[in-house]
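In the text below, chain A, chain B and the rest are named by the order of the sequence lines, each starting its count at 1.
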Amino acid sequence: MDNIGEDSEDDDSVNKITTPSSRVILHFDLDCFYAQVEMIKNPALRELPLGIQQKYILVTCNYVARERGVTKLMSVTDAKEKCPELVLVKGEDLTHYREMSYKVTELLMSFCPLVERLGFDENFMDVTEMVERKLADTPKSDSVSFKGHVYNNINTKTPDNLRLAVGSHIAAELREEMYTRLGLTGCAGIATNKLLAKLVSGTFKPNQQTVLLPESVSDIMGCLGGLRRVPGVGHQTAKRLQALGLVGVLDLQMCPISDLVTEFGLPTAQRLKNLSLGLDNSPVTSSGAPQSLSDEDSFRKMSLTQEVLDKIRELLSSLVKRMQKDGRQPHTFRLTIRRHSATNKWFSRESRQCPIPNHIGKKITSGFSDEAVSQLVSLAMKLFDKMVDSSAAFHITLINVCFCNLQSRSTGMGGKGSISSFFARSTSSPRKTPKISTQNQVMSSHIDLEMKSIKINHQYCFRRTLGSKRRGKKFNFTAPSSSHGFTWNKRFVVGGEEVGNFPSNVAECKPQETKSSVIHQLRPNVDPEVFKLLPEDIQKELLSPAYVESVSDGLSKSPRPPPFPQSSDCEIPGNVDPTVFSELPLDVQRELMSEWKQHKPVLKSPSFRKSGRTTTDKDRKPAAKNSQTNLLKFFKPN
DNA sequence: CTGGGGGCAT
DNA sequence: ATGCCCC
């Protein structure tokens, strides 16, 4: 089980204190992904304006089409108007895109397992360890230049920038690998966190890459304009921010944290403010195999039970086949619908779910697909009846069937690894492809891949993703210690942001300190004299929780009081500025206090997750418990 | 007439 | 089960 004690022994002894706290994060974004896949399938399409069509929407298009004014998410009608010669390919069946997407992730993972997928066409990678390793191996590393673009074209020589420069070389090589092995082009961004890497990757658009240096953080955030452009700020959040009078990133940067807390609560308030400043300590979490498989279809209208039944059967037979290839057994089934409603057109979905009886689940994995499908169809219809009164008129515009709670059948060997199908090489592949199949090869696949320049032992790339998302980010500092020779890397969770000369790089104030002492907590590159000259309210703002590495995301690399008070009284958590707290409305204070009270006992038992599911984590994402074993099982034993 | 996915937190 | 987020 999780053991906090184990960790404390090895972290500082192994991780030298001098080790830099900033990470090197890569973001990869394939160019017009679906269009590229179609152009690979049919090269004749390359010179033609090509659009990928789902129902009435053009979900993406190639660059020939873009030159003629076609854009993403344009209606087919508009696109045809703009460009009558536009060639359309249906893209509702995602099979090929999904397969290619996982090949990309697999390729990246073969260099460093810490890869997080975002949709089908984007991947984050934490290459900090690779960079350190490369730096240590190359004595003449002083004069490394940047590969690709540098945002704003400015370049100061600092140790952190050197590490980003090495990151840019890694990114370039990985993009080259993607092209030579898979025929795919894409962009990459190199920065110190996921937010910035993602934002910068699109700076130069097709098939190029860009580094963002810390000194340009305020520039890139300022140039963003609308808040919707900030990843993590969706439609709803943007609306609520606008109600507060905030429309641009700069507005959010300058907004008093207390205003945000009243609207969003403390955790979200901090997150939003940090995002606006380019701060993001969220770790790159290995995605591994998907948590759920679903299949859906939308249509104008469906009003007959028989049609519903047929559609569900159709969706299920395809989903069961996919599930079968995956190899895991689903233990939960969910049916989702969208109702037609003239007024409430804005998409609200309803769903019902139920356990999948074991005898049905087994039929899925063991190949009795037809039986499984028909039994699942009746399950689905029962769920449908819970939502829709079939005796009255109804109009459905979407049906989705979903398998989740996926568990590997065999704990040990022989089982078709869950991810094996996603990462499996097609046997018909004309080209020799690297086999990343056996457990041994996971740790040494650089041999198979004939890496020329990135001679990084994969062991050095294992950065623990401490605690999975599912175990709750809040308490991921209680994640298990290394159990296979990998050391708990405290620094990992810290992710101290390097934010150049931004005021916000006052990022490491210790909580609950007096102002006079807190000034000593300023970053070394922040001039205390300058700080003292600032108006007091600005000082307070800089020291407020929004500027502190949030407790929920990690520990400080410097000794710091535990995130929650040890005393039995409910005190203000360490990451909360008492001054700011005291300024909150009383009811908000009370709410926060009771929340903290409830969380406290959790500190000692990270497995509190009331879920009756005393899960043996073996079926969760690879990062969940033990990155090695969990990762290994995703590769074909061969 | 905004698609077909996927994720997380509550 | 829903709502938010991402593409």
Side-chain angles (χ1 to χ4, degrees), chain A residues 27-30 32-34 51-60 72-79 90-98 101-102 105 116-124 186 194-195 198 201-202 228-240 264-265 267-268 271-272 275 282 285-301 315 318-319 322 332 334-338 340 342 345-354 383 386-387 397-404 406 422 468-474 552 595 598 609-611 620-621:
Chain A
H27 175 255
F28 293 96
D29 190 343
L30 271 357
C32 53
F33 181 50
Y34 291 1
I52 307 302
Q53 178 183 194
Q54 286 174 341
K55 296 295 183 314
Y56 299 90
I57 290 295
L58 212 70
V59 290
T60 193
K72 282 199 269 190
L73 297 180
M74 192 177 251
S75 83
V76 170
T77 328
D78 291 353
K90 297 269 194 190
E92 284 123 0
D93 183 347
L94 304 185
T95 306
H96 295 116
Y97 311 140
R98 185 184 291 115
S101 171
Y102 274 97
T105 301
E116 179 176 341
R117 295 164 53 78
L118 186 60
F120 280 6
D121 68 336
E122 296 182 22
N123 289 277
F124 289 102
K194 290 201 289 181
L195 201 222
K198 181 176 168 65
S201 66
R228 258 322 310 273
R229 303 276 308 279
V230 180
V233 178
H235 273 117
Q236 305 306 317
T237 307
K239 260 197 255 175
R240 291 166 71 183
F264 295 98
T268 302
R271 230 195 68 244
L272 292 173
L275 289 177
S282 65
T285 306
S286 296
S287 295
Q291 311 283 304
S292 63
L293 300 193
S294 65
D295 221 321
E296 72 183 51
D297 198 358
S298 64
F299 26 78
R300 289 191 60 85
K301 172 189 267 214
L315 292 171
S318 126
L319 186 63
R322 274 213 279 149
T332 303
R334 173 168 42 211
L335 180 74
T336 303
I337 61 167
R338 186 221 280 151
H340 177 88
K345 202 169 101 174
W346 207 253
F347 83 138
S348 83
R349 286 144 107 114
E350 302 164 48
S351 67
R352 295 292 183 273
Q353 62 184 263
C354 67
L383 295 178
K386 288 188 184 183
M387 286 183 284
T397 60
L398 174 144
I399 296 180
N400 174 298
V401 292
C402 176
F403 288 142
C404 53
L406 275 21
F422 295 91
S468 74
K469 293 166 185 171
R470 268 147 309 287
R471 294 188 62 86
K473 286 181 195 257
K474 285 189 178 176
S552 50
E595 201 180 300
Q598 290 182 343
R609 278 235 169 251
K610 51 184 170 236
S611 69
R620 314 198 84 116
K621 288 192 9 178

Student: Could you tell me how far apart A/Ile52 (CD1) and B/dG5 (C1') are, to the nearest whole angstrom?
Tutor: 16 Å
Student: What's the closest nucleotide to the A/Ser351 side chain, out of C/dC4, B/dG7, C/dT2?
Tutor: C/dT2
Student: Mind calculating the distance between CD (A/Glu116) and C1' (C/dC5) to the nearest angstrom?
Tutor: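 In whole Å, C/dC5 C1' lies 12 Å from A/Glu116 CD.
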Student: Measuring from the side chain of A/Val59 (C-beta onward, heavy atoms only), which nucleotide among B/dG3, C/dA1, B/dG6 has the closest atom?
Tutor: B/dG3
Student: On DNA chain B, check which nucleotide each of A/Gly119 and A/His340 is closest to and give me the residue with the more 5' one.
Tutor: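 On the 5' side of the pair lies A/His340.
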Student: Considering every strand and a 4.0 Å limit on heavy-atom distances, what is the contact class for A/Asp295: base, sugar-phosphate, or nothing?
Tutor: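 If one applies the 4.0 Å heavy-atom cut-off, A/Asp295 turns out to touch the sugar-phosphate alone, with no base involved.
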Student: DNA chain B: A/Ser292 or A/Ser298, which has the more 5' nearest nucleotide?
Tutor: A/Ser298
Student: Check the distance between C/dC7's P and A/Lys194's NZ and give it to me in whole angstrom.
Tutor: 12 Å
Student: What class does the angle between the rings of A/Phe124 and A/His27 fall in, given that below 30° is parallel, 30 to 60° is tilted and above 60° is perpendicular?
Tutor: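 If you compare the ring of A/Phe124 with that of A/His27, the planes turn out tilted.
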Student: In whole angstrom, what separates A/Phe120's CZ from B/dG4's P?
Tutor: 12 Å
Student: Could you work out which one of B/dG3, C/dA1, C/dC7 sits closest to the side chain of A/Gln54?
Tutor: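 Selected nucleotide (nearest to the side chain): B/dG3.
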Student: Can you tell me if the side-chain N/O atoms of A/Lys198 get under 4.0 Å from OP1 or OP2 in C/dC7?
Tutor: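 The answer is yes; a side-chain N or O of A/Lys198 sits under 4.0 Å from OP1 or OP2.
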Student: Between A/Gly234 and A/Arg228, which heavy-atom pair has the shortest distance, and what is it?
Tutor: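 Heavy-atom minimum between the residues: O-CD, 3.4 Å.
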Student: Does a nitrogen or oxygen in the side chain of A/Arg349 sit under 4.0 Å from OP1 or OP2 of B/dG3?
Tutor: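 False: A/Arg349 side-chain N/O out of range (4.0 Å or more) of B/dG3 OP1/OP2.
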Student: Quick one: CZ on A/Arg352 to CG on A/Leu383, what's the gap to the nearest 0.5 Å?
Tutor: 9.0 Å
Student: Can you name the nearest heavy-atom pair linking A/Val76 to A/Leu58, along with the distance?
Tutor: CG2-N, 4.2 Å
Student: Heavy atoms from C-beta onward define the side chain here; which of C/dT2, B/dG4, B/dG6 lies closest to that of A/Pro290?
Tutor: B/dG6
Student: Could you state the atom-to-atom distance from CE of A/Met74 to P of B/dT2 in whole Å?
Tutor: 14 Å
Student: A/Glu122 has a side chain; which of C/dC7, C/dC4, B/dT2 sits nearest to it?
Tutor: C/dC7
Student: Given atom CG of A/Leu293 and atom C1' of B/dG7, what is their separation to the nearest angstrom?
Tutor: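 Between C1' of B/dG7 and CG of A/Leu293: 14 Å.
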Student: At 4.0 Å (heavy atoms only), tell me whether A/Val233 reaches a base, stays on the sugar-phosphate, or touches nothing.
Tutor: sugar-phosphate
Student: Which nucleotide sits closest to the side chain of A/Ser294: B/dT2, B/dG6, C/dC7?
Tutor: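 The answer is B/dG6.
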Student: Which nucleotide sits closest to the side chain of A/Gln353: C/dA1, C/dC5, C/dC7?
Tutor: C/dA1
Student: Please determine whether a side-chain nitrogen or oxygen atom of A/Lys55 lies at a distance below 4.0 Å from atom OP1 or OP2 of B/dT2.
Tutor: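 For B/dT2, neither OP1 nor OP2 has a side-chain N or O of A/Lys55 closer than 4.0 Å.
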Student: NA contact type, A/Glu92, heavy-atom cut-off 4.0 Å: base, sugar-phosphate, or nothing?
Tutor: sugar-phosphate
Student: Picking from C/dC5, C/dT2, B/dG6, which would you name as closest to the side chain of A/Arg322?
Tutor: B/dG6
Student: Before giving the answer on side-chain hydrogen bond (donor to acceptor under 3.5 Å, both in side chains), spell out for A/Asp295 and A/Ser318 the whole-Å C-alpha distance, their side-chain angles and the decisive distance to 0.1 Å.
Tutor: CA-CA 8 Å; A/Asp295 221 321; A/Ser318 126; 2.4 Å; yes
Student: Just call it for A/Arg352: base, sugar-phosphate, or nothing, with non-hydrogen atoms closer than 4.0 Å on any strand.
Tutor: sugar-phosphate
Student: Tell me the interatomic distance from A/Leu118, atom CG, to B/dG5, atom P, rounded to whole angstroms.
Tutor: 17 Å
Student: Using a cut-off of 4.0 Å on non-hydrogen atoms, how would the nucleic acid contact of A/Thr77 be classed: base, sugar-phosphate, or nothing?
Tutor: nothing
Student: Where the side chain of A/Arg98 is defined as all heavy atoms beyond and including C-beta, which of B/dG3, B/dG6, C/dC4 is the nearest nucleotide?
Tutor: B/dG6
Student: Specify the separation, in whole Å, of atom CZ of A/Arg228 and atom C1' of C/dC4.
Tutor: 11 Å
Student: Do the side chains of A/Arg349 and A/Glu296 get close enough for a salt bridge, i.e. N-O under 4.0 angstrom?
Tutor: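 Result for this pair is yes, salt bridge flagged.
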Student: Ignoring hydrogens, what is the shortest heavy-atom contact between A/Tyr97 and A/Asp93? Give both atom names and the distance.
Tutor: CE1-O, 3.8 Å
